[in-house]
Enquirer: 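Quick one: the structure is below, questions incoming.
Order of the sequence lines fixes the chain letters, A, B, ..., with proteins taken first and strands second; residue numbering starts at 1 for each chain. What you see below is based on every heavy atom in this structure, not just the backbone, and it leaves out hydrogens, waters and symmetry mates. Bear in mind the structure is a predicted one, so any value in this text is a computation, not a measurement.
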Amino acid sequence: MGEYPQLRADPNAVSEALVTIVSEIANGNPDTWEARLSEIAPELIEALSVKKEPDKGLKPLEGAETGKVVMRFAPNPNGPATLGSSRGMVVNSEYVKIYQGKFILRFDDTDPDIKRPMLEAYTWYLDDFKWLGVVPDQVVYASDHFPMYYDYAKKLIEMGKAYVCFCTGGDFKQFKDAKQACPHRDTSPEENLMHWEKMLAGEYEDQQAVLRIKTDIEHKDPALRDWGAFRIRKMSHPRPEIGNKYIVWPLLDFAGAIEDHELGMTHIIRGKDLIDSEKRQGYIYNYFGWTYPKTTHWGRVKIHEFGKFSTSTLRKSIESGEYSGWDDPRLPTIRAIRRRGIRAEALKKFMIEMGVGMTDVSISMESLYAENRKIVDPIANRYFFVWDPVELEIAGMEPSVAKLPLHPTDHARGVREITVGNKVLVCKDDVEKLEVGSILRLKDFCNIEITSLSPLQANHSEVSLEALKKAKAKILHWAPVDGIPVKVRGPEGDIEGIGEHGIAAELDKIVQFERFGFCRIDAVSEENVVAYFAHK
RNA sequence: GCUCCGGUAGUGUAGUCCGGUCAAUCAUUCCGGCCUUUCGAGCCGAAGACUCGGGUUCAAAUCCCGGCCGGAGCACCA
């Protein structure tokens, strides 16, 4: 009826007719349905075989024209990119790709104090983008643009739309909450200009004055009343190019507003904590007669596996040595998951499928791991890694070379060879479930029967495959006694054991340690191998 | 306190703008089975949701009002 409005005239008749028709159809069978359909609506036959596909990927951007979209990702580099930030990196850049627009990476680095930028983090962001396969069309440093900000500030003062306020934070809040103008609000533009020059010249104390944007002091939403645009902080900036050049710092809403206009931004997607920014910045846009970009906001992302964490507390934990660095496998940073062997494609897909919604989401790493597994499973070579190794002696075993497939289905990849004497290593976990008389299979090697638990000994067994299956014999992985020590660093901590020598040839590759999980080989030396655990 | 926003299976999402094709999509997780010389992968199957209450309507996940729950902003942080 949505499609044929004329039917709405008599909905009851339509529904009665439907009942009759449906019961008629129910008496038929699929073949007659299809025959009848080709009579009355042959064009629909094809639709029978088409599965209903949901909309995948990102929804169209409102008002977006191919070739004209300009978007940005604007982090403060006060720490490395996290899984949370990657949403902005992926979604913004992906939209730009769809519309063949321009993507800008802008460092919003104008707070030298509370969220002081970290010099290394600038590079890390660039590096993480490279990993994602995204090349920003332009990289912008807000801290390069102080003169421009000052310029616009001056204009606003001259227009009577901004004033220098000497209230303390608390005093101003009282005025604001009471919808009252503070004593400085009605100062003349000339006088304000003078105060502003003095601010810039360093004639006022740290935090003695702030430049405010005049909005509507009686606005029903207290968040929008006369907001601060510049403050005085007599501090240096971490970038050597900036250093001690400035003491009057623009705040986010001001710097962001100017930047977005100057850079010709057409669309902005960001967290919903910035939802009021648009309204605040809207005043500036109105004063200058600019058009605000189209905005979209998303909710907070929480990850089950990683509790709450803040960049500042994390930094302390790293400095105290609790974590090995910003890429410690226990951390939700991009650097960490990269090191663990999560593929950029998996992260992208994961973020894109999460879409852009205002609801707060609470996600599990499992979904990301599932995406990654699909990518990595076909390419990862298999190896044995025995944790908590225990020696197992096999009586009467002649030294031999075991040949094992590098991949269970892709046989073209060839085999790995392990030289074995009459002893192998097996996991303590497995040993604990054994008893004398247990028959089991050493994977891709031989069948054995346990003859003693302490010391652990076994006889070579000639049971057939069928008998083995019938007995539901365990299949154990194993390692040569002279194997290479392997240390696996993972979200749950470190695990050490012995692996086969072939692992040493897989530096920087992702492999699967059978019955253990996927790992990225992070370091190889004469004495040992360090692997980072990705997921099961 | 003031202002704004949101609520679809365990989790994430599609559908909500513009009511009917929704007996509600897809993915993940969990469970069962098949296959397998990995406890992996794959294949098959099953389970699982419209926050609640009113209203409008022939018809409500969809529109309206109220409640409940959750989040955000009210910084000289971003």
Enquirer: With A/D273, which residues qualify under salt bridge (charged side-chain N to carboxylate O under 4.0 Å, His left out), at least two apart?
Expert: none
Enquirer: Would you please confirm or rule out a distance under 4.0 Å between OP1 or OP2 of B/U3 and any side-chain N or O of A/K279?
Expert: no
Enquirer: List in chain and number order the residues that pass ring-ring contact (aromatic ring centres under 6.0 Å, His included) with A/H184, two or more places apart in sequence or in another chain; answer none if no residue qualifies.
Expert: A/F166
Enquirer: For B/G33 versus B/C69, give the span between their C1' atoms, rounded off to a whole number of Å.
Expert: 40 Å
Enquirer: Does A/Y369 have any ring-ring contact (aromatic ring centres under 6.0 Å, His included) partners at least two apart in sequence or in another chain, and if so, which?
Expert: A/H535
Enquirer: B/A78, B/C76, B/G6: which one has an atom nearest the side-chain heavy atoms of A/T359?
Expert: B/G6
Enquirer: Set out, line by line, the N/O atom pairs under 3.5 Å between protein and nucleotides 60-68 of chain B.
Expert:
none

Enquirer: Which nucleotide in the set B/G15, B/U29, B/G73 lies at the smallest distance from any side-chain heavy atom of A/E366?
Expert: B/U29
Enquirer: Figure out the CZ/P separation between A/R280 and B/C4, and round it to whole Å.
Expert: 15 Å
Enquirer: Could you give all pairs that pass the salt bridge (charged side-chain N to carboxylate O under 4.0 Å, His left out) test and reach residues 359-388 of chain A, with sequence neighbours left out?
Expert: A/K272-A/D360, A/K349-A/E371, A/D377-A/R382
Enquirer: Which nucleotide in the set B/G73, B/U38, B/U28 lies at the smallest distance from any side-chain heavy atom of A/P408?
Expert: B/U38
Enquirer: Between B/A78, B/U28, B/G70, which nucleotide gets closest to the side-chain atoms of A/D360?
Expert: B/G70
Enquirer: Quote, to the nearest angstrom, the C1' distance that separates B/U8 from B/U51.
Expert: 10 Å
Enquirer: Considering Watson-Crick and G-U wobble pairs with both distances under 3.5 Å, what does B/U13 pair with?
Expert: none
Enquirer: Charged N to carboxylate O under 4.0 angstrom, A/R233 versus A/D111?
Expert: no
Enquirer: Say you pick atom C1' in B/A49 and the same atom in B/C74; how far apart are they, in whole Å?
Expert: 36 Å
Enquirer: Once you apply a heavy-atom cut-off of 4.0 Å, does A/L252 come out as touching a base, just sugar-phosphate, or nothing?
Expert: base
Enquirer: Remember a base hit wins even if backbone is also touched, and classify A/R212 as base, sugar-phosphate or nothing at under 4.0 Å, heavy atoms.
Expert: sugar-phosphate
Enquirer: Out of B/C74, B/G12, B/A72, which has the shortest distance to the side chain of A/A223?
Expert: B/C74
Enquirer: Would you call the rings of A/F385 and A/W387 parallel, tilted or perpendicular, taking 30° and 60° as the class edges?
Expert: tilted
Enquirer: Could you please name the option among B/C76, B/A75, B/G12 that lies closest to any side-chain atom of A/V210?
Expert: B/C76
Enquirer: Please report the distance separating the C1' of B/A9 from the corresponding atom of B/A27, rounded so that it comes out in whole Å.
Expert: 13 Å
Enquirer: B/C4 pairs with which nucleotide, Watson-Crick or G-U wobble, both distances below 3.5 Å?
Expert: B/G71
Enquirer: Under the salt bridge (charged side-chain N to carboxylate O under 4.0 Å, His left out) definition, can you give me all pairs with a residue in residues 215-226 of chain A, not counting sequence neighbours?
Expert: A/R185-A/D226
Enquirer: Nucleotides 34-36 of chain B: which of its N/O atoms have a protein N/O under 3.5 Å away?
Expert:
none

Enquirer: Out of B/G73, B/A78, B/A27, which has the shortest distance to the side chain of A/E371?
Expert: B/A27
Enquirer: Any sub-3.5 Å donor-acceptor pair from A/N76's side-chain atoms to A/K115's backbone N or O?
Expert: yes
Enquirer: Of all residues at least two apart in sequence or in a different chain, which pass the ring-ring contact (aromatic ring centres under 6.0 Å, His included) check with A/Y141?
Expert: A/F107, A/Y122
Enquirer: Rounded to whole angstrom, note down the C1' distance from B/C50 over to B/A23.
Expert: 13 Å
Enquirer: What distance separates A/Y150 OH from A/L211 CG, expressed to the nearest 0.5 Å?
Expert: 11.0 Å
Enquirer: Quick check: on RNA chain B, is the nucleotide nearest A/H219 upstream (toward 5') of the one nearest A/Q208, or the reverse? Name the residue that is more 5'.
Expert: A/H219
Enquirer: Looking only at side-chain atoms of A/K220, point me to the closest of B/U11, B/G73, B/C4.
Expert: B/C4
Enquirer: Tell me whether the rings of A/F254 and A/Y149 are parallel (<30°), tilted (30 to 60°) or perpendicular (>60°).
Expert: perpendicular
Enquirer: May I ask you to say what A/D108 touches in the nucleic acid, namely base, sugar-phosphate or nothing, with a heavy-atom cut-off under 4.0 Å?
Expert: sugar-phosphate
Enquirer: Just call it for A/D221: base, sugar-phosphate, or nothing, with non-hydrogen atoms closer than 4.0 Å on any strand.
Expert: base
Enquirer: Of all heavy-atom pairs between A/C165 and A/F172, which one has the smallest distance, and what is that distance?
Expert: SG-CD1, 4.1 Å
Enquirer: How long is the straight-line distance from CD of A/Q512 back to CD1 of A/I379, given to the nearest 0.5 Å?
Expert: 12.0 Å
Enquirer: Choosing from B/U11, B/C74, B/A72, which nucleotide comes nearest the side chain of A/K272?
Expert: B/A72
Enquirer: Rounding to a whole Å, what distance do you find between A/R300:CZ and B/C5:P?
Expert: 19 Å
Enquirer: With A/Y95, which residues qualify under ring-ring contact (aromatic ring centres under 6.0 Å, His included), at least two apart?
Expert: none
Enquirer: Hey, could you give me the CG/OG1 distance between A/L224 and A/T215, rounded to the nearest 0.5 Å?
Expert: 6.5 Å
Enquirer: Counting any heavy atom closer than 4.0 Å, what does A/L274 reach on the DNA or RNA strands: base, sugar-phosphate only, or nothing?
Expert: base
Enquirer: Using heavy atoms and a sub-4.0 Å distance, could you list which residues of residues 163-173 of chain A are near RNA chain B? By number, please.
Expert: A/C167, A/T168, A/G169, A/K173
Enquirer: If we call it a pair only when both distances are under 3.5 Å in a Watson-Crick or G-U wobble match, what pairs with B/C18?
Expert: none
Enquirer: Would you measure the distance from the P atom in B/U13 across to the matching atom in B/G7 and give it in whole Å?
Expert: 10 Å
Enquirer: Please name all residues satisfying salt bridge (charged side-chain N to carboxylate O under 4.0 Å, His left out) with A/K176, sequence neighbours left out, ordered by chain then number.
Expert: none
Enquirer: Base, sugar-phosphate, or nothing: which does A/D429 touch, judged by heavy atoms less than 4.0 Å apart?
Expert: nothing
Enquirer: Given the rule in the ring pair (Phe, Tyr, Trp, His ring centres under 6.0 Å) test, do A/F516 and A/F533 qualify, once you have shown the distances and angles that lead to the verdict?
Expert: CA-CA 9 Å; A/F516 183 75; A/F533 183 76; 5.4 Å; yes
Enquirer: Using the closest heavy atom to pick a nucleotide of RNA chain B for each, name whichever of A/K474 or A/M358 lands nearer the 5' end.
Expert: A/M358
Enquirer: Please write out each protein N/O paired with an N/O of nucleotides 41-51 of chain B under 3.5 Å, distance rounded to 0.1 Å.
Expert:
from, atom 1, to, atom 2, distance (Å)
B/A41, OP1, A/R373, NE, 3.3
B/A41, O2', A/D377, OD2, 3.1

Enquirer: With both distances under 3.5 Å as the test, what is the Watson-Crick or G-U wobble partner of B/G45?
Expert: B/C31
